Amino acid sequence: MQYAGALEKRLLGKTEVSALYTEYRIPYTFRAMEPSFNPTIIEDKWQKKWEEARIYEADLKKAKNPFYALVMFPYPSGDKLHVGHWYNFAPADSYARFMRMHGKDVMAPMGFDAFGLPAENYAIKSGIHPDTSTRSNVQTMVKQLRRMGCMYDWSKMVNTSTPEYYRWTQWLFLQMYERTLAYKKEAPVNFCPSCQTVLANEQAQDGKCERCGTEVIQKNLSQWFWKITDYAERLLNGLEDLDWPEKTKIMQRNWIGKSEGAEITFDIVGHDERITVFTTRPDTLFGATYMVLAPEHPLVEKITPKSHWGAVHAYREGVKKKTELERTDLAKVKTGEPTGAFAVNPATGEEIPIWIADYVLSTYGTGAIMAVPAHDERDFAFAKKFNLPIKEVVAGGNVEEAAFCDEGPAVNSEFLNGLKTSDAKKRMIAWLEDAGKGRERTTYRLRDWLVSRQRYWGAPIPIVYDPEGKPHPVPEKHLPWLLPDDVEFKPTGKSPLMESKEFIRRTEKIFGKGWTPEFDTMDTFVCSSFYYLRYLAGGDEKRIVDPTIERKWMPVSMYIGGPEHACMHLIYARFVMMALKDFGFVSHEEPFKKLVHQGLITHKGAKMSKSKGNVVSPDSFVDRYGSDVFRMYLMFMGPFTDGGDWNDLGIKGIDRFVRRLYALCTESVNKKVDQQKVIATVHRTVKKVTRDIGEMHFNTAISALMELLNLLEEEGGVSKESAKTMVLLLAPLAPHLSEELWEVLGGKGFVIEQHWPLFEEALTKESMVVLAIQVNGKVRGEIEVEANAAKDDVLAKAKEHPNVHKFLEGMVIKKEIYVPCKLVSIVV
RNA sequence: GCCGGAGUGGCGGAAUUGGUAGACGCGCACGACUCAAAAUCGUGUGCCGCAAGGCGUUGAGGGUUCGAUUCCCUCCUCCGGCACCA
């Protein structure tokens, strides 16, 4: 015990010694001068025992009561496990353990989302092959993850960058291709000049690259898409029954962006072609005083007369140069150019000018609009700027001053006049259908998923082209369609796979001279859209998943991960699951029945980042306090879904709690019979911890255990029975320590295999309770009464209280309220 | 602009259906142990008061109620998401 002091003096004198301990990995025990408790030793011991007994390996076939506990699998970065991983995984593990103690057959797998840009960028810098760095990162992370002591079933591990895995990514592509859900199309797409690749819409939100923040530009490229839009309605309706955060559902709903309205066709003066528009306000057709085409609209070239072509062409070129961000900047002044062509308003028969303007998007609706400046803010601003007529067709506003976008009675609209907006819409649609000039229509903002990437480190798209350039699927027997090795990693905007001689030779050898492979790889979100099925596959080479096991284990019982995937991974995975169900490979439509997002851990009030220098490294804290204490502190900081700000000192509170608990269970367990107060508190604690962990309120569950410990210490000891109950309650939160204490207390088997303790409601209540006595809403005293005392007795006793009596003297009592076990309120 | 969520001590946070606001923890102060420090333990920690007790209080203002952090209205601030979607 003096050893520590002597060592300290010898090495350092009085200066900061904690750094020294961390550096030399001297067990914390010496500092704490409690040689019996050493988290490092205890945690090693139990991790080995769990592994030897293989108690976390789930038997997927035999399990009777399956509980699929899933966390979003990590990217194996060279930066190793960070606090964010811990904050996601550790509470998820506590919840899974809690379910196991409730008799569930829990399966908690872990794997790696291993394809992607960072490994490739690292390869560009270092020359190390992404496969080499990825494998080494995976190894390191597995070690760190094991040290967390979570109940992962490592026998089910997946790594998306291995051929065994990506053959299924490619297989999925082929399934989509076969059913025409995968198609190639030339379209304006988001391109990140820094990553040198195209991006899906979901990855270019705000006009910036999701990965590097660079402003994306628009390019016309021929790319592979998956037809997620076919599933828009199902993706929307399916949300109804999911046990997900409401916020996430709203985000997905907005992202899908359903809107109902009509499609209206306008004739063009002097041309056979017509312009079709989509509008949610067909009732305002009489007010359409001009039309606007998106600059990229294919009709622009056909209808623009020579006299206007120069200006129109110049405008289009100008728009092309703008980034997505510039183009969608709301603050900017509207621009546009008349095409010189005219259309006919089908309702009024009037000729109205056709403009082009970049406030109309080519990618939404039909890429063309009818402009109703009186009743649409954007059209109003445009009309004001270019002096176009504004015609009121809905009463209720002052359309000279501002657009009136609310509903109201129709005016200046012949057969619609007087109708309220909803009726006018219906009437107009009926009229358009009769006249053959339009129909009811629903549109979605969701766009097809662009899955091509011009990058190396991904699953190759299993397509080859014949000498005429026609695409053909790579037959399934050639899967995995291997990612070639002989490439440079420098991004050029062209796919790195183009450099591979082996890749081209292989293609010609199998398919014939002049055949070429598809050089693009797939978006990594494809890999992660079905990984939850591969965990269940157990390395099955024949099928993506065994249908019997899928039927039994899907959907995922509890899925935990960050909220940033609301409109990416979480929408893609739903789409893929629905598609696989339609193809007949799975039985469920939705992959994730219940979803919870963990909050964000900040440090010194800011998001952790290397550039800010505020990154908290879990390793040094785990070295010092142990994994149990580290994870419990993360859970104690605040509500799981809120996250919190990391505080180096806060963890000491948990460390003290754990040491005191250890001391109690090893030194102060006695034969004495628990007093009623202790019994009631134990039962209340069981009740509270059960509810709190069930609701993922880990912070209050831990504080309840602290309160119990405080009481037991005051009592000077604990019965073995109560100690055991307490250790069982602790088991999901501190898995190693609780195993150790369970053993110390003579418990049989692993603590995690015990049943969760039960409580009796009747025993949670004590016979005597303290009541507050209020006079006119202010607390004037307290009395102790029997919990089931009669109202009259309590009131009489309350009035005897000297201080209460003082406030009642000379007053007339108006009202007396008695809330059993809570308070007495007297109004005078 | 639209859609969500949140504002409670020095700090993180807690408060079943409206029922003693500030549990639990951190920090801080004083005390015990020590030559000393760390660790540990004890006491205190909204304000006034030696105390009994009194007063105040959950972003601001108003309302309902015996009683409001909780319900209703107005406003302010912060955070997250979407944003020329016709």
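All of these numbers come straight from a predicted model, not from anything done at the bench. What's counted below: heavy atoms across the whole structure, side chains too, no hydrogens, waters or symmetry copies.
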Respond yes when some side-chain nitrogen or oxygen of A/N699 is under 4.0 Å from OP1 or OP2 of B/rA23, and no when none is. no

Has A/N803 got a side-chain N or O lying under 4.0 Å from the OP1 or OP2 atom of B/rG54? yes

For B/rC55, take OP1 and OP2 only and decide whether either is under 4.0 Å from a side-chain N or O of A/R780. yes

Paired with B/rC78 by Watson-Crick or G-U wobble geometry, both distances under 3.5 Å: which nucleotide is it? B/rG5

What nucleic acid atoms does A/N710 come within less than 4.0 Å of, heavy atoms only: base, sugar-phosphate, or nothing? sugar-phosphate

Is there a side-chain polar atom (N or O) of A/K815 under 4.0 Å from OP1 or OP2 of B/rC66? yes

When syn is taken as a glycosidic angle within 90 degrees of 0, is B/rG31 syn or anti? anti

Phosphate-side-chain proximity, A/T700 and B/rC24, N/O vs OP1/OP2 below 4.0 Å: no

Distance between C1' atoms of B/rU34 and B/rG25 (Å, rounded): 28 Å

Looking only at N and O atoms, is any donor in the side chain of A/R659 or the base of B/rU40 less than 3.5 Å from an acceptor on the other one? no

Residue-phosphate contact under 4.0 Å: A/R660 side-chain N/O, B/rU40 OP1/OP2: no

Measuring to OP1 and OP2 of B/rU16, would you say a side-chain N or O of A/K822 lies under 4.0 angstrom away? no

Salt-bridge test for A/K799 and A/E816: reply yes if a basic N is under 4.0 Å from a carboxylate O, no otherwise. yes

Partner nucleotide, any strand, of B/rA86 [Watson-Crick/G-U, under 3.5 Å]: none

pair_partner(B/rU69), Watson-Crick or wobble, both distances < 3.5 Å, evaluates to none

If the P atom of B/rG13 is compared with that of B/rG18, how far apart are they to the nearest Å? 25 Å

Nucleotide opposite B/rA38 in a Watson-Crick or G-U pair, distances under 3.5 Å: none

Return the nucleotide paired to B/rA14: Watson-Crick means purine N1 to pyrimidine N3 with N6-O4 or O6-N4, wobble means G-U with N1-O2 and O6-N3, both under 3.5 Å. none

Pick one: which of A/W86, A/F630, A/F636 meets ring-ring contact (aromatic ring centres under 6.0 Å, His included) with A/W646? A/F630

Quick one: look up who B/rU45 pairs with, Watson-Crick or G-U, both distances under 3.5 Å, and put none if it's unpaired. B/rG27

Side chain of A/N614, backbone of A/H603: donor and acceptor closer than 3.5 Å? yes

Sugar-phosphate, base or nothing in reach of A/I817, heavy atoms under 4.0 Å: base

Under 6.0 Å between ring centres: does that hold for A/F382 and A/Y290? yes

On RNA chain B, compare the nucleotides closest to A/G650 and A/T443; which residue's is nearer the 5' end? A/G650

Distance check, P atoms only: B/rA6 and B/rC72, in whole angstrom units. 12 Å

